[in-house]
> 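Following this message is one structure expressed as structure tokens.
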Amino acid sequence: MTEAATGAMSGLRVIDLTRVLGGPYCTQILADHGADVIKVEPPAGDEVREWGPPFHEEDAAYFVGINRNKRSIGLDLASEGGRVVLLKMLETADVLIENFKPGTLEKWGIGNEVLRERFPRLVHCRICGFGADGPRGGNPGYDAIVQAMTGMIAATGSPESGPMRIGVPLVDITTGLYAAIGILMALSERQRSGKGQFLETTLYETGLAIMHPHTANYFMHGKPPGLTGNEHPNLVPYAIFPTKTDDIFIGVGNDGTFRKLAKEIGKPELGTDPRFARNKDRIANREALRAELAAVFSQHEAEPLCNRLLAAGLPAGPVQKIDQALTNPHTIYRGDIIEKDWYKGVASPIRLDRSKPSLRRVPPKFSQHAAEVLGEFGYSKAEIDAMVEKGTVCGPERKR
């Protein structure tokens, strides 16, 4: 990633009113690929700036990890003056993304109908918990709560552990991904119609949408999933196995792959054993097969075994901790870690051939770019100073 790179979203202006995770994750995707993302923060700042330790100066790693390539301005949207500034910014914006509680913008007199009339080409994206209507319409949404409510926690864990929350904020992150996809769809449609549109992405619908294959299984046989730990409900073997050194994960997707695995580990007879020949047979005899494979894998070291299996085209990988993953030779070779000044992060996984992503800006300090941004929208230094004095625009100090 080079500073001179021109991204696919270059020329796109995004006004980002979101906080916490889903929205900032979405806008970082766009920013990495060249979009001009202006992060509008409330006077207290995005609250995840304080979700630490660890911190870089006053900003938590949680904030730093999802806010690179953006400019920050602190703006009091609860004030009439703040909303006037926002509307001025929207005159040249392509996208507005926000995660206010449904009804908040309407209460301020800048709801979607007003925005649609004033800015007909604007794509307005809202991220929220449950949507504006329905029995839970307007309720706040939180990743772990939605994991619980959509069956995710009930399907995760082992009989020994009981139901467990997934260890990363999967719902928030995937909601951000869906929002980015929706924005790109709306921009594509705008090329044909000349009109923007409103789109909504909710944590709840995202949680339901990513519950595959459990929803598909339930629609087919009417049974909720049991707790299978690290194993797959539809495929065997698809689980963690111990070796002489570390654990490995084996994932077999079809009968031919299983026969190839059996041959590669020196147990070709397992591939033709009537108990294991077909996937449905392996599911019925899951524990017997686990014992057979565990006996073989216990004689090998994890890394050499996985290297050999992967070289043979078989799905196997060592179970690594995050430090091992981030320093893995493949990670380094692929340029998956990016650095600038004090900042270090994981590169965009979207690798376009010509329109490359870039690391242009480290994550911003609170309202770091207020004067720069407002100057671009025609405000004089005297006007900016007056707005800061009044509290409409925030200086670098957050209101605690």
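Note that the numbering runs from 1 along the sequence shown for the chain.
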> Please say which of Leu17, Asp16, Thr18 ends up in a side-chain contact (heavy atoms from CB on, under 4.5 Å) with Asn99.
Thr18
> Side chains of Ile183 and Leu199: closer than 4.5 Å at any heavy-atom pair?
yes
> So, are Glu91 and Lys88 salt-bridged, with charged N and O less than 4.0 Å apart?
yes
> So, Asp336 and Arg334, do they make that salt bridge, N to O below 4.0 Å?
no
> Looking at Phe249 versus Tyr238, is the centre-to-centre ring distance below 6.0 Å?
yes
> If you count the non-hydrogen atoms of other residues, nucleotides and ligands that lie under 6.0 Å from OH in Tyr218, is the total more than 12?
no
> Kindly check if the number of other-residue, nucleotide or ligand heavy atoms within 6.0 Å of CD (Glu80) is above 12?
no
> Within a strict 4.5 Å, meaning less than it, do heavy atoms of the Ile181 and Thr201 side chains meet?
no
> Do Leu305 and Phe241 have side chains that get closer than 4.5 Å, going by heavy atoms?
no
> Are Leu261 and Ile248 connected in the hydrophobic side-chain network, where two residues link if heavy atoms are under 4.5 Å apart?
yes
> More than 12 heavy atoms of other residues, nucleotides or ligands under 6.0 Å from CD of Glu397: is that the case?
no
> Treating Ile, Leu, Val, Met, Phe, Trp and Tyr as nodes and any side-chain heavy-atom pair under 4.5 angstrom as an edge, say whether Leu270 and Ile283 lie in one connected cluster.
yes
> Got a salt bridge between Asp255 and Arg278, using NZ or NE/NH1/NH2 to carboxylate O under 4.0 Å?
no
> Are Asp143 and Gln147 close enough, and set up right, to give a side chain to side chain donor-acceptor pair (under 3.5 Å), and what steps lead you there?
CA-CA 6 Å; Asp143 179 277; Gln147 283 195 36; 2.8 Å; yes
> Might you confirm whether atom CE of Met164 has over 12 heavy atoms from other residues, nucleotides or ligands at distances under 6.0 Å?
no
> What about Met9 and Val14, same hydrophobic cluster or not, with Ile/Leu/Val/Met/Phe/Trp/Tyr joined at side-chain heavy-atom distances under 4.5 Å?
yes
> In the structure I gave you, are the side-chain heavy atoms of Pro42 and Arg19 within less than 4.5 Å of one another anywhere?
yes
> Under a 4.5 Å cut-off applied to non-hydrogen side-chain atoms, are Arg360 and Lys340 in contact?
no
> Just checking, Arg49 and Phe366: is the charged tip under 6.0 Å from the six-membered ring centre and within 45° of the axis?
no
> Less than 4.5 Å apart, any side-chain heavy atom of Asp94 and any of Arg190?
yes
> Would you find more than 12 non-hydrogen atoms of other residues, nucleotides or ligands less than 6.0 Å from His212 atom NE2?
no
> Does any donor atom in the side chain of Tyr343 or Arg68 lie under 3.5 Å from an acceptor atom in the other side chain?
yes
> Under 4.5 Å between any side-chain heavy atoms of Asp59 and Lys365, yes or no?
yes
> Between Phe130 and Tyr204, how do the two ring planes meet: parallel, tilted or perpendicular, split at 30° and 60°?
tilted
> Report yes or no: do Leu90 and Val85 belong to one cluster of Ile/Leu/Val/Met/Phe/Trp/Tyr joined by side chain heavy-atom distances under 4.5 Å?
yes
> Under 4.0 Å between a side-chain nitrogen and a carboxylate oxygen: does that hold for Glu269 and Lys267?
yes
> Considering the options Glu41, Lys39, Arg361, which one meets the side chain to side chain donor-acceptor pair (under 3.5 Å) requirement together with Ser72?
Glu41
> Tell me, please, whether Phe198 has Arg126 positioned over its six-membered ring: NZ or CZ under 6.0 Å from the ring centre and within 45 degrees of its axis?
no
> Within the supplied structure, the quantity of interest is the number of heavy atoms (other residues, nucleotides, ligands) at a distance under 6.0 Å from Asp323 CG; does it exceed 12?
yes
> Determine the minimum heavy-atom distance between Leu227 and Pro163, stating which atoms define it.
CD1-N, 3.8 Å
> Are the side chains of Asn69 and Val37 in contact, using a 4.5 Å heavy-atom criterion?
no
